[in-house]
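Everything on this sheet refers to the single structure shown next.
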Amino acid sequence: MLQLGVAEPMRECEYSQISTRSSTPMETPYKKRTPKKRKWQAFPGRNKFYCNGRIMMARQTGVFYLTLVLILITSGLFFTFDCPFLSVQLTPAIPVIGGVLFVFVLGTLFRTSFSDPGVLPRATPDEAADLERQIDVANGSSSGYRPPPRTKEVVINGQTVKLKYCFTCKIFRPPRASHCSLCDNCVERFDHHCPWVGNCVGKRNYRFFYMFILSLSFLTIFIFAFVITHVILRSHRQGFLNTLKDTPASVLEVVVCFFSVWSIVGLSGFHTYLISSNQTTNEDIKGSWSSKRGKDNYNPYSHGNIFTNCCAALCGPLPPSLIDRRGFVQSDTPQPTPPTNGITMYGSTQSQSHMAAATPLMQSEPVILTDEASLPGRTSLGGPCSGALPLGGQPTPPTSTPNLSCDNGMLPTRNDHSEAHHHMDGVHHHFLTPEEAPSPPGMLPCGSPLGHSHTIQGFYNPASQDSLHEDSVRGLVKLSSV
Amino acid sequence: RFHNLQELRHSASLANKVFLQRDYSDGTTCRFQTKFPSELESRIERPLFEDTVKRLNIYYAEAEKMGGQSYLEGCLACATAYLIFLCMETRYEKVLKKIGRYIQEQNEKIYAPRGLLITDPIERGMRVIEISIYEDRGSSGSCSGSSSTSGSSAR
């Protein structure tokens, strides 16, 4: 009896629950028109966006804040403690020039860090399917058999260049493009991923990066020279120890500048060489165009003379961003599904399992970094990109392991570094693991920095394709009628 | 069969897509392959198609051309700490707009009446020129993605 008594109200609850669900379709608010999303919110790479998509950085930004803090503190101390003395004793032009340099350094730093380095958007499902079809036809293999790594050869200016197929982005990479495993994007004219700047350095921000390290070299030398001058001038009057008591900050500045000068000036020299020969760090480290590879090996992208190469790199046309971060996502546009684990999944394609297998490879990179971070030797404080990571590699499936070990920029770096980088003046790559880097404080409060974690309907649906094109045709009709 | 875009809208369904890949034989500058895809053989005359693609290639070359004007623009931008781009458009962007208008015009005049539609490459990350092929809704194929098994197509 008791049981029945208990059962009755329960059944009644169940009944009422069921009826609630079926009778009110309005209960589910998500069925209403959702607010339009911007494309950066659905971006599949591992980037962080701020200010509603205007600012784009890599995921690990801790080292960038370190760079910023070092520059601000050193310059601040210089202007506060050294400039008053120097402007009176020598000339007021000193703080003015210092100020100009300082502003230029910060401007180029922000420009490098916040802009799109030249990310190639991933292929739409249609394109990917079309490419797969063509590759299958070319290989003559059935879909069950896993084909070897896909490459295409193209002759550029008399040199044979291999174009590799990117399994993450589902495209054949253009020449000089490379996939950055930290940001999980293919970047055009990939130079390296710079943790000090918190972004990849590629086609669109290489000139800003170069301007940054060049102006930072000048700033560092400038501060170093004038702080020393200041200390010397004061010591003539007061004696050395009194000087140190009066301006203790100068000691800190000298120390920071001394260690920075070697790495930054060395890096500037290295990049000047790269620009004049029109090579990327990636190509230089791999020795792609080195004459050691063969007598006929030369750089097909070089314009022939140093002046043209420099002009092209620094003053050439600046292509616009291809990823349109602030555009709105068309709800029926086929988008690649954003990754849940840094891996893009296109429905349930065969490559999915290979992507899963490749995860441990991506995560092993920080492990390698840890081993090398414990290196003794010159630590470069405030030295941007002495910790440059020329990661040209990308997680290729296990069947092509030899490919991976060559592409993974970490291992060859260690070997090539010792022999080929005499012009880096013995700068050691000081690697900071992402874990070691200080966690970033709250960034600019420009809206919630959403990463890639939004999942939108991204599966290719033929019916929705239909409506997409009807929409675009409708759009064209509208435009033409205006 | 179709006389304008409105007819296309009302009675067409997407049958297939053809992709024209990039041509890298000239380096990293933007060029598209001009090879005539076999799927379009029955749809459009070859000279018209090749003319469109060649025109696009010319426009892209113009955008990326490194001459006196682009150097001047680059130096001026550097001198103003790139703030000048807040008020001015880069030459590249101007040419891209021109390309957008050209593609729209070509679509209206030539491609839509033949049941085709060209997508601006900038919307595909400058990787491909995507040409959508529409079929009459009344007729057979509304099987989108049914691959044209006619061998290696647009290579």
Side-chain angles (χ1 to χ4, degrees), chain A residues 103-104 107-108 111 119-124 126-127 129-131 133-134 137-138 152 154-157 161 163 171-172 174-177 188-189 203 207-208 211 300-301 303 308 311-312 314-320 322-324 460 462-463 465-466 468-470 472-474 476-477 479-480, chain B residues 4-6 8-10 12-14 17-19 21-28 30 63-66 70-75 77-78 81-83 85 90-93 95-96 104 107-108 112 117 119 122-128 130 132 134 142-145 147 149 151-155:
Chain A
V103 166
F104 198 73
T108 45
R111 194 81 201 210
V119 173
L120 286 168
R122 301 190 183 184
T124 55
D126 284 330
E127 286 175 59
D130 187 63
L131 269 181
R133 209 168 38 233
Q134 282 167 6
V137 165
K152 237 192 324 185
V154 71
V155 177
I156 299 175
N157 245 346
V161 175
L163 302 183
I171 56 171
F172 274 98
R176 313 191 97 178
E188 276 190 287
R189 203 188 181 278
K203 182 158 97 165
R207 68 190 71 183
F208 307 126
M211 289 293 162
Y301 310 109
H303 293 100
T308 317
C311 282
L314 302 175
C315 308
L318 189 65
L322 294 174
I323 55 178
D324 186 27
Y460 173 50
Q465 271 293 78
D466 225 338
L468 156 73
H469 281 271
E470 288 201 355
S472 59
V473 171
R474 217 173 288 142
L476 275 173
V477 171
L479 284 171
S480 60
Chain B
N4 53 31
L5 285 171
Q6 294 212 328
L8 194 68
R9 171 170 64 104
H10 282 300
S13 70
L14 183 63
K17 284 189 188 180
V18 183
F19 296 99
Q21 300 284 341
R22 282 270 293 268
D23 172 17
Y24 292 116
S25 56
D26 206 21
T28 51
C30 186
E64 296 189 359
K65 192 175 71 136
M66 281 182 287
S70 72
Y71 288 153
L72 198 62
E73 192 186 53
C75 290
C78 183
Y82 297 95
L83 294 170
F85 290 139
T90 67
R91 194 158 140 259
Y92 210 112
E93 284 167 353
V95 177
L96 284 179
Q104 194 198 330
N107 271 334
E108 282 170 20
L117 200 68
T119 309
I122 193 77
E123 295 185 25
R124 296 289 179 261
M126 307 276 266
R127 295 182 301 265
V128 287
E130 184 181 297
S132 314
Y134 286 88
S142 107
C143 24
S144 48
S147 50
T149 48
S152 49
S153 40
R155 285 263 143 240

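Remember, it's a predicted structure, so these values are computed and weren't measured experimentally. Chain letters run A, B, ... following the sequence lines, proteins first and then strands; every chain starts at 1. These values consider heavy atoms only, across backbone and side chains, with no hydrogens, waters or symmetry-generated copies.
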Show the numbers, then the answer: is there a side-chain contact (heavy atoms from CB on, under 4.5 Å) between A/D126 and B/F19? CA-CA 9 Å; A/D126 284 330; B/F19 296 99; 3.5 Å; yes

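- The heavy-atom pair separating A/L318 from B/T90 by the smallest distance is O-OG1, 4.3 Å.
- Contact annotation for B/L96: only side-chain heavy atoms (C-beta onward) come within less than 4.5 Å of a heavy atom of chain A.
- Between chain B and the residues A/A312, A/P300, A/A129, A/G107, the largest count of heavy-atom pairs under 4.5 Å involves A/A312.
- For B/R91, no part lies under 4.5 angstrom from a heavy atom of chain A.
- Contact count versus chain A (heavy atoms, under 4.5 Å) is highest, among B/V128, B/D26, B/I122, for B/V128.
- The minimum heavy-atom distance between A/F104 and B/C78, with the atom names listed, is CE1-O, 4.3 Å.
- Looking at every heavy atom in both residues, B/R127 comes nearest to A/I171 through CD-CG2, 3.4 Å.
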Pair B/M126, A/L322 - check side-chain contact (heavy atoms from CB on, under 4.5 Å), show working. CA-CA 8 Å; B/M126 307 276 266; A/L322 294 174; 3.3 Å; yes

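- Residue B/A63 touches chain A through its backbone alone, counting heavy-atom pairs closer than 4.5 Å.
- B/Y92 and A/P320 get closest at one heavy-atom pair: CD2-CD, 3.3 Å.
- Interatomic distance, B/E130 CD to A/D130 CG, rounded to the nearest 0.5 Å: 9.5 Å.
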Show the numbers, then the answer: is there a side-chain contact (heavy atoms from CB on, under 4.5 Å) between A/T308 and B/M66? CA-CA 10 Å; A/T308 317; B/M66 281 182 287; over 6 Å; no

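- Ranking A/A177, A/G316, A/P121 against chain B, the residue ahead of the rest is A/P121, based on heavy-atom pairs under 4.5 Å.
- Across all non-hydrogen atoms, the minimal contact from B/Y24 to A/V154 is C-CG2, 4.0 Å.
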